[in-house]
K.L.:
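Sharing a structure with you now.
Only a predicted model underlies this, so the values are computations on that prediction, with no experimental measurement involved.
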Amino acid sequence: MTRISRRNTRDKSTSSPNDGEPPSYHNPNPRTRRGRLGFSRILNSTFTILFSSGILLILIGFYMKNYFVKPAKEETVKPRVVTPLPAPKLMDLPMFGGEHKESLYWGTYRPHVYFGIRARTPQSLLAGLMWLGIKDGRYFLRHVCQDSDELTTYGWTHHDGRDYGRQVLVDQKLALTTSFLKSKEKDSGYGGDWAVRIEAQSEVHNEEMEEIVHLFFYVVDEGGTALGLGQRTSDVPGDYLLAFGSRSDVGNWQLHLESKDNFEFHYAGFKTHHIHNLSELVQTNLASQARTTGRLQLSDTSDHASNILVFQISAMIPFKADIAFASKLSGFSSRFKERIRSLTGDSLTGHLKQKQKQFDDKFRRCFDMSDEINSEAVTVAKATLGNLLGGVGYFYGQSKISLPPSSNHIPGKNYISYWPAELYTAVPSRPFFPRGFLWDEGFHQLLIWRWDINISLDIIGHWLDLMNADGWIPREQILGSEAASKVPSEFVLQHPTNGNPPTLFLVIRDLICGIKKHKFTASQVNDISIFLRRAFVRLDAWFKWFNTTQSGKDVGTYFWHGRDNVTTRELNPKSLSSGLDDYPRASHPSEDERHVDLRCWMHLAADCMSSISEFLEDSEIGKEYSLTAKLLSDFGLLNQMHLDHSSGAYSDYGNHTEKVRLSWRVVESAGGYPSREFVREVLEKPMLRLVPHIGYVSLFPFMGRLIPAESWILEKQLDLISNTSILWSKFGLRSLSKTSSIYMQRNTEHDPPYWRGPIWMNMNYMILSALNHYSQVDGPYRDRAKIIYTDLRNNLIRNVVKNYNETGYLWEQYDQKKGKGKGARLFTGWTSLIVLIMAEAYSEC
């Protein structure tokens with residue numbers, strides 16, 4: 001659960017603010033807010049005029065009535081932190097409506113379950129799959145992605161993000177293949193129709209072995225509307241009507257099952273609004289029937305007005321079934337029968353083959369990999385892209401925002417709810433982190449925009465629309481009961497003082513660069529231009545939030561706020577908002593800190609804003625951003641603030657001592673009994689200095705290409721990267737140098753090292769991008785940069801492919817000693833950047 005703590009605390013309203021400033025406990029930029037004059041000052045400045053006309057008495061009476069007599073019904077004013085930015089929403093742009101919106105309506109937008117379908121609407125019709133797995137002679141219901149299920153492998157081998165996907169799941173002796181297809185006919189309902197093919201086979205190739213598979217396909221109406229249970233088969237041979245209903249979005253609909261194989265059928269219906277516990281409902285029903293009948297079968301009963309219907313299909317392996325959803329129906333017309341036939345049987349087989357070929361052809365065009373990337377690696381790359389796109393989800397709900405202890409907005413509560421909002425986003429990991437993470441999303445979009453620019457703009461637009469009136473975006477999105485069910489309640493709160501690296505600027509930089517290099521069609525350029533024009537006010541507010549709330553004492557300096565300066569449990573207080581969690585910073589957090597990585601993120605953002613202004617021909621504001629970018633790229637100032645001349649490494653600055661350790665201490669507990677605790681000991685008074693740890697943070701000026709190609713410091717950077725005693729390994733670059741005093745050290749009794757040695761793909765990608773840049777520009781170190789680039793790229797590709805073939809998964813991080821996958825598995829997230837590394841697709845700006 002390390003990642004949960006890392007990403008949290010360890011760690012449809014579109015209304016504008018009311019006239020007059022709403023109350024706020026967090027004001028990042030007091031200089032930009034309208035001032036307030038005290039009552040006495042107003043009274044003094046207007047007394048003479050008002051008195052002569054007798055108005056003063058009226059005003060005093062009005063004041064007394066409204067402020068000393070409590071109104072019968074008080075009107076609550078929203079705190080600023082939960083007030084949306086008063087700017088037009090990106091998702092209201094015409095480009096995100098019409099055909100685009102309808103084409104993305106249905107999808108596999110429930111990444112936390114092994115297979116799930118929903119629409120991009122708050123109260124959707126849902127569908128999904130469960131099955132009974134067997135382990136050690138016992139049955140277990142599989143539904144929600146869980147590492148404890150110990151599936152041999154699962155994930156999408158192909159997924160185009162729109163209307164096709166193919167997934168393989170291997171659970172002990174059972175191999176399941178789920179295929180998803182969407183179809184839009186002229187007489188179908190909004191969003192069209194869809195079909196699912198489920199194929200069950202045995203992993204044990206023994207014809208004499210008889211295995212029964214128990215599959216459970218379900219349909220749910222989130223809004224609580226009752227579903228109709230099919231009581232008869234249709235007049236199409238082999239076709240069974242499972243369920244039917246009506247919705248305002250898609251009209252009358254029906255769900256059909258078609259199979260040529262023999263199977264046993266049972267069902268159960270439930271009435272509940274809490275669908276996140278659907279697994280428990282099915283398990284309870286099965287257990288009750290097992291006690292009564294001695295059989296693993298649903299009860300064949302249904303609650304009154306059930307909004308959940310579960311259908312059990314029990315059959316001998318091998319087994320194949322097609323499930324078709326058809327909308328906007330009017331009886332069993334011949335046209336309807338034709339639509340059902342096109343979504344099942346041989347017709348579906350043909351459509352799926354065609355879609356897979358289209359995916360393969362598009363993959364080849366988009367990534368244009370050289371012949372050196374063998375077919376084995378290409379297969380892994382396709383599955384990686386498929387997993388990222390298949391993991392895109394749709395969520396709706398309200399974030400919980402932490403309130404400071406002194407706040408009296410809601411007595412007895414330590415949080416306030418954000419406005420109800422929707423989010424369409426990729427996720428880092430389906431079993432561990434099936435929700436949106438702000439700094440991860442920028443890396444996800446580096447891959448997705450190259451595949452489908454319209455999907456990428458849609459996702460970025462959803463994220464930017466979550467911005468509040470201060471320009472802040474909650475960094476982790478836990479929206480809706482299903483998303484919340486995967487997160488311990490103590491880690492849900494989002495802190496409005498904390499940011500996250502603004503990685504979306506990486507994508508926007510790519511888009512602007514791509515336009516300049518004529519990589520987009522005229523239609524795409526038009527869409528990007530319209531998007532950037534509306535997004536500018538939000539990006540501007542976002543930049544200013546960082547520039548005020550995360551600024552340091554000196555001009556052009558920044559530090560990540562939110563570090564714990566009183567902890568006695570952490571070896572080095574974490575900087576969770578930086579995304580690098582336990583990466584060592586100054587031992588004693590203070591406002592004197594200067595974080596070099598945040599300085600480089602701010603340079604990227606300022607430079608990007610300058611480029612957008614130039615593109616949109618807004619010279620006035622562009623000049624301001626150009627000056628900021630120039631300040632933050634000032635090489636002399638950068639070196640003065642952060643360079644350790646002896647090592648040639650860039651470092652954080654702060655109140656620091658190396659003589660800190662964790663040791664066991666006997667303390668008296670609340671009950672008066674002694675206990676042992678792992679506590680921090682400081683053996684030397686800290687002093688203001690550069691923090692002497694070399695790792696990913698040290699390379700941020702290199703990653704940002706802020707070092708001139710002819711500088712001796714560039715040679716020093718190449719030395720640090722290629723030195724096997726520092727960062728280099730046969731599997732990628734370590735996150736922290738072997739020479740660091742905190743290398744692979746635990747941060748607390750319960751927190752193992754995270755960014756203190758293991759290999760992370762997002763940082764390796766950014767370092768490779770810089771190496772590629774320096775290998776192509778004139779300078780004395782050009783050839784050396786090319787050699788290091790080639791070796792590092794080969795090491796990363798070889799290790800990821802090897803791990804995938806051996807384990808069936810991509811991993812969150814990789815061990816720096818043996819290259820073994822570590823952390824969360826089925827972590828597509830930014831590990832998917834391996835596809836861009838294979839394709840040598842980097843920013844060319």
Side-chain angles (χ1 to χ4, degrees), residues 367 369-370 372-374 377 380-381 384 443 446-447 506 580 583 597 600 648-650 694-707 709 713-739 743 755 757-777 779-804 810-822 830-844:
F367 301 108
M369 295 184 180
S370 64
E372 66 171 311
I373 303 298
N374 60 36
V380 173
T384 298
F443 292 109
L446 289 175
L447 181 57
L506 290 170
L580 303 178
Y583 186 95
D597 56 330
C600 293
Y650 289 97
I694 297 173
Y696 288 160
V697 165
S698 312
L699 297 176
F700 263 82
F702 174 80
M703 290 186 256
R705 307 174 190 179
L706 298 176
I707 305 171
I713 298 173
L714 178 58
E715 181 181 27
K716 287 289 189 179
Q717 299 286 296
L718 298 177
D719 288 342
L720 297 174
I721 291 171
S722 59
N723 191 328
T724 57
S725 296
I726 300 179
L727 298 180
W728 188 269
S729 84
K730 294 185 294 184
F731 315 105
L733 296 183
R734 302 180 182 94
S735 44
L736 188 63
S737 169
K738 289 171 68 176
T739 61
Y743 176 70
W755 291 84
I759 296 161
W760 295 82
M761 196 59 60
N762 58 339
M763 294 292 103
N764 272 269
Y765 171 80
M766 291 181 68
I767 294 164
L768 270 177
S769 181
L771 284 167
N772 183 62
H773 165 75
Y774 285 115
S775 73
Q776 296 180 16
V777 298
Y781 314 112
R782 177 176 181 172
D783 292 341
R784 188 175 177 209
K786 180 64 175 179
I787 293 170
I788 296 173
Y789 165 80
T790 301
D791 290 345
L792 177 57
R793 174 173 174 265
N794 290 341
N795 288 347
L796 289 164
I797 294 172
R798 182 170 55 249
N799 192 55
V800 170
V801 172
K802 178 176 180 288
N803 269 272
Y804 184 87
L810 295 178
W811 292 82
E812 182 181 14
Q813 52 183 270
Y814 293 88
D815 180 72
Q816 69 278 18
K817 293 182 180 179
K818 297 182 179 179
K820 185 179 179 181
K822 296 179 62 177
W830 56 45
T831 304
S832 64
L833 292 169
I834 194 66
V835 178
L836 299 186
I837 292 171
M838 291 182 188
E840 298 189 274
Y842 311 107
S843 172
E844 298 177 14

K.L.:
With sequence neighbours left out, what residues match S722 under side-chain hydrogen bond (donor to acceptor under 3.5 Å, both in side chains)?
P.N.:
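S722 satisfies side-chain hydrogen bond (donor to acceptor under 3.5 Å, both in side chains) with R784 only.
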K.L.:
Can you give me the closest heavy-atom contact between G819 and N803, atom names plus distance?
P.N.:
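In this case the closest contact between G819 and N803 is O-ND2, 2.8 Å.
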K.L.:
With a 4.5 Å heavy-atom cut-off, do M761 and I834 have their side chains touching?
P.N.:
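Sidechains of I834 and M761: in contact.
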K.L.:
Is any side-chain heavy atom of L718 closer than 4.5 Å to one of F702?
P.N.:
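Yes; the side chains approach each other to less than 4.5 Å.
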K.L.:
Taking atom CG of N762 and atom CD1 of I767, what is their separation to the nearest 0.5 Å?
P.N.:
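Taking CG in N762 and CD1 in I767, the distance rounds to 9.5 Å.
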K.L.:
Taking the side chain from T739 and the backbone from I726, do they hold a donor-acceptor pair closer than 3.5 Å?
P.N.:
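Answer holds: no.
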K.L.:
With Y765, which residues qualify under ring-ring contact (aromatic ring centres under 6.0 Å, His included), at least two apart?
P.N.:
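Checked Y765 against ring-ring contact (aromatic ring centres under 6.0 Å, His included); matches are Y842.
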K.L.:
Does S769 have any side-chain hydrogen bond (donor to acceptor under 3.5 Å, both in side chains) partners at least two apart in sequence or in another chain, and if so, which?
P.N.:
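S769 satisfies side-chain hydrogen bond (donor to acceptor under 3.5 Å, both in side chains) with R705 once adjacent residues are dropped.
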K.L.:
Measure the spacing between NZ of K716 and OH of Y650 and express it to the nearest 0.5 Å.
P.N.:
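If I round to the nearest 0.5 Å, the distance is 12.5 Å.
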K.L.:
Does the side chain of L796 come within less than 4.5 Å of L768's, by heavy atoms?
P.N.:
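Heavy-atom side-chain distance check passes, below 4.5 Å.
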K.L.:
With rounding to the nearest 0.5 Å, note down the distance linking OG in S775 to CG in N772.
P.N.:
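It comes to 4.5 Å.
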K.L.:
I'd like to check the side chain to side chain contact (heavy atoms under 4.5 Å, CB included) partners of N795; sequence neighbours left out, ordered by chain and number.
P.N.:
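In terms of side chain to side chain contact (heavy atoms under 4.5 Å, CB included), with neighbours along the sequence ignored, N795 is linked to W728, R798.
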K.L.:
Please name all residues satisfying ring-ring contact (aromatic ring centres under 6.0 Å, His included) with F367, sequence neighbours left out, ordered by chain then number.
P.N.:
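Listed in chain order: F363.
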K.L.:
Shortest non-hydrogen contact from W755 to S735?
P.N.:
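The answer is C-OG, 3.4 Å.
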K.L.:
With sequence neighbours excluded, what pairs up with Y696 under the side-chain hydrogen bond (donor to acceptor under 3.5 Å, both in side chains) test?
P.N.:
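Only N764 meet the side-chain hydrogen bond (donor to acceptor under 3.5 Å, both in side chains) criterion with Y696.
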K.L.:
Side chains of Q776 and Y789: is there a donor and an acceptor less than 3.5 Å apart?
P.N.:
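The answer is no; no qualifying pair exists.
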K.L.:
Could you pull out the closest heavy-atom pair between I694 and L736, with the gap in Å?
P.N.:
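Residues I694 and L736, closest heavy atoms: O-CD1, 3.4 Å.
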K.L.:
Look up atom OG in S843 and atom CG in L506, then write down how far apart they are to the nearest 0.5 Å.
P.N.:
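It comes to 8.0 Å.
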K.L.:
Which value, rounded to the nearest 0.5 Å, describes the distance between L792 atom CG and I837 atom CD1?
P.N.:
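Reported to 0.5 Å precision, the distance equals 7.5 Å.
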K.L.:
For a quick test of reading the model, state the closest non-hydrogen atom pair linking A709 to Y774 and the distance between them.
P.N.:
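Smallest heavy-atom distance, with atoms named: CA-CE2, 4.2 Å.
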K.L.:
Which heavy atom of K822 sits nearest to which heavy atom of P758, and what is that distance?
P.N.:
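Minimum heavy-atom separation between K822 and P758: NZ-CG, 3.8 Å.
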K.L.:
Specify the closest pair of heavy atoms between L771 and I788, including all atoms of both residues, with the distance to one decimal.
P.N.:
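Heavy atoms only, the tightest pair is CD1-CG2, 3.9 Å.
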K.L.:
If I take atom NZ from residue K818 and atom NZ from residue K730, how far apart are they, to the nearest 0.5 angstrom?
P.N.:
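If I round to the nearest 0.5 Å, the distance is 11.0 Å.
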